[in-house]
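This report refers to the structure that appears directly beneath it.
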Amino acid sequence: MMGHSHALSGALVWLAAAPGLAALVPVAEHATVPAELLAGALVCAGAAMLPDLDHPKSTIAQTFGPVTWVLSRAVNGIAGGHRQATHSLLFCAAAGVGTHLLAQWHTVARDVVVVLMIGLALRALAVGVPGRTLTSAMLNVLLTTALVVIFHSFGVGYGWLGLAVAIGSLAHVVGDCLTERGCPVLWPIKARWLLPYKIGFKTGKWFEQRFLAPALSVGIVVLLYLRLMPDVTIG
Ligand SMILES: [Zn+2]
């Protein structure tokens, strides 16, 4: 799947799961409070790009210039190529636990992860001016900073940061399993998980661009409405 669809799927999954997480997982007990909900959806959207760090041409690899490009080449080498180790349950768990420990260790480390995830989400959701790379980058930095400051002023705690990173990465793996190439979900077991009868869709083709991405966007708008409108009790 393309970076854009992955980010949308990450946001959608978080918005859908937030009430359940708030009820069941102590670190996410405030996940449905509006500011926390929006922060969680954005972080999860950004995290849904992480597995594609194994591809130097992916959106995530091109987000923070040479830094992410060099990092993606390194990850590509370590992971054994595109759609290998980083597209597995093991990676999702390791990314989540690693992020949680990092966030517990120091608030600055936690805030760096938050900024990176939100910046990634905005980039993938194509916040910017078409054809103007520098203007778009500046706009991204400005918006990311503004959002992080607003979330801070609303007392967003990010206790769920590791959880959002794990869930976002998992949304990515599930999304790629719906494509024709599938993923090695149980890596290091190499068998690929994909849909039967070759019904998986081709990345970036009409199904994804004309149907999936718009459907995910509509889903996000509906869930935001349901979650943020106090009078609506469905969901
Ligand atoms: Zn992928």
Side-chain angles (χ1 to χ4, degrees), residues 1-14 17 41-64 67-96 98-99 113 116-126 162-196 198-217 219-220:
M1 266 171 39
M2 298 182 303
H4 182 70
S5 316
H6 281 306
L8 290 172
S9 72
L12 183 86
V13 168
W14 188 263
L42 279 170
V43 168
C44 201
M49 317 282 290
L50 286 177
D52 274 352
L53 250 187
D54 67 359
H55 194 312
K57 287 199 172 133
S58 63
T59 311
I60 183 170
Q62 294 172 17
T63 295
F64 299 112
V67 179
T68 33
W69 189 81
V70 169
L71 187 64
S72 79
R73 292 228 65 106
V75 172
N76 182 276
I78 297 165
H82 182 45
R83 287 208 192 183
Q84 298 295 336
T86 61
H87 286 65
S88 68
L89 292 179
L90 195 61
F91 173 83
C92 300
T99 303
V113 174
L116 290 178
M117 291 305 127
I118 294 179
L120 266 177
L122 294 182
R123 161 78 206 254
L125 298 171
L163 188 65
V165 165
I167 290 177
S169 303
L170 188 62
H172 182 117
V173 173
V174 172
D176 275 353
C177 283
L178 304 179
T179 67
E180 55 174 4
R181 284 187 58 202
C183 298
V185 174
L186 296 180
W187 187 93
I189 297 170
K190 297 226 164 186
R192 289 189 166 264
W193 288 41
L194 67 177
L195 293 173
K198 296 189 177 172
I199 56 170
F201 64 88
K202 266 189 164 58
T203 297
K205 299 296 181 198
W206 75 269
F207 175 81
E208 183 173 3
Q209 298 212 25
R210 301 277 164 82
F211 176 76
L212 187 64
L216 289 168
S217 307
I220 288 172

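Keep in mind that this is a model prediction, so the values were computed, not measured. Whatever order the structure lists them in is the order used to number ligands and atoms, beginning at 1.
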How far does CG of L216 sit from CZ of F211, to the nearest 0.5 angstrom? 9.0 Å

Closest approach to the Zn ion (ligand 1) by D52, given as the N, O or S atom name: OD1

Just one of H6, R192, R181 clears the side-chain hydrogen bond (donor to acceptor under 3.5 Å, both in side chains) bar with D176, so which one? H6

Under the side chain to side chain contact (heavy atoms under 4.5 Å, CB included) criterion, do L186 and W193 qualify, and how do the steps go? CA-CA 9 Å; L186 296 180; W193 288 41; 3.6 Å; yes

Give the name of the N/O/S atom in D176 that lies closest to the Zn ion (ligand 1). OD2

Please determine if the Zn ion (ligand 1) has an N/O/S atom from D54 lying under 2.8 Å away. no

N, O or S from H82 under 2.8 Å to the Zn ion (ligand 1): no

Grab the two heavy atoms, one from L120 and one from G46, that are nearest each other, plus how far apart they are. CD1-O, 3.7 Å

With distance as the sole test, does N76 use its side chain to make a donor-acceptor pair with the main-chain N or O of D54 at under 3.5 Å? yes

Decide, counting backbone as well as side-chain atoms, whether C183 has an N, O or S atom less than 2.8 Å from the Zn ion (ligand 1). no

